[in-house]
Every structure is written in C-alpha cells, then in structure tokens.
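Here the structure comes first, spelled out in structure tokens, and everything after it is commentary.
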Amino acid sequence: MFVFCENRNIIFTRKQIINISQTVYVAADSSKFNKDVAIQVCPVNAVDMIITDYSLSKDTINHFTDNGVQLKIVRTNIEDTK
C-alpha cells in the first residue's frame with residue numbers, strides 16, 4: 001500500500017516536502033483508503049503517522065501498524081463526545 005494523490009499537479013511538490021521532512025503525517029478520512037489510483041506519492045514506510053477516523057478495517061489498521069506506521073484514530077462527530 002502506498003500514499004496516493006489524484007491531483008497530478010501537486011505530486012512533485014508533495015514528494016519534495018516528504019523528502020525534506022523529518023516526520024511525515026497523513027490526515028485522511030477512512031474513505032480514502034483501499035482505493036485504486038494511478039499516482040503514488042510515497043511508500044507506506046515513508047509515513048510516520050496517519051490521522052484518520054474510526055471506520056478503518058482491522059486489516060487496514062494491521063497493514064499500517066505492521067509497517068511501523070502509528071495510527072491516531074479521532075472522533076469525527078461532536079455528538080460522539082456526549
């Protein structure tokens with residue numbers, strides 16, 4: 001699994017930012033995972049932490065944690081805190 005982007009115009013910039021970063025964070029809701037897209041930004045092992053909602057499958061969670069990526073699961077609805 002890789003980090004992908006559907007906008008070809010910003011791929012080069014994102015790759016350069018990742019290359020010079022000490023820590024790489026990805027913020028994406030669960031609907032962005034397990035999709036077939038054509039443009040790779042970076043391999044999963046280049047990511048330090050993914051911040052996402054609680055709807056990821058166990059297999060997806062295990063894939064990232066098995067590759068050394070930390071996951072931060074956050075609430076997406078204010079009602080969830082009541």
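Here, residue 1 is the first one in the sequence, and each next residue gets the next number. Owing to the predicted nature of the structure, the values given are computational and were not obtained by experimental measurement.
- Placement of Tyr54 and Val69 within a single hydrophobic cluster is found when ILVMFWY residues are connected by side-chain heavy-atom separations under 4.5 Å, directly or transitively.
- Atom CZ of Phe12 sits about 10.5 Å away from atom CD1 of Ile17, to the nearest 0.5 Å.
- Residue Tyr25 comes nearest to Ile51 through the heavy atom pair CD2-CD1, 4.4 Å, listed as atom of the first residue, atom of the second, then distance.
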task: Report the C-alpha separation of Thr65 and Leu71 in whole Å, then their side-chain angles, then the decisive distance to 0.1 Å, and conclude whether the side-chain contact (heavy atoms from CB on, under 4.5 Å) test is met.
output: CA-CA 7 Å; Thr65 56; Leu71 287 171; 4.1 Å; yes

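- Follow the hydrophobic side-chain contacts under 4.5 Å out from Val47 and you reach Ile73 in the same cluster.
- Side chain of Asp53 to backbone of Ser30: a donor-acceptor contact under 3.5 angstrom is found.
- Residues Val41 and Ile18 are in side-chain contact: their nearest non-hydrogen atoms beyond the backbone lie under 4.5 Å apart.
- The backbone N or O of Thr60 sits less than 3.5 Å from a side-chain atom of Ser57, completing a donor-acceptor pair.
- Side-chain polar atoms of Asp48 and Thr23 form no donor-acceptor pair below 3.5 angstrom.
- Annotation: the span from Asn34 atom CG to Leu56 atom CG amounts to 8.0 Å, rounded to 0.5 Å.
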- prompt: side-chain contact (heavy atoms from CB on, under 4.5 Å) between Phe33 and Ile50: does it pass, once the steps are laid out?
  reply: CA-CA 11 Å; Phe33 293 87; Ile50 296 172; 3.7 Å; yes

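- How far CZ of Arg14 is from OG of Ser21: 12.5 Å, rounded to the nearest 0.5 Å.
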message: Lys72 vs Thr52, test: side-chain contact (heavy atoms from CB on, under 4.5 Å). Steps then yes/no.
response: CA-CA 6 Å; Lys72 174 70 175 172; Thr52 190; over 6 Å; no

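- Separation of atoms CG (Asn67) and CG (Asn62) is listed at 11.0 Å; rounding is to 0.5 Å.
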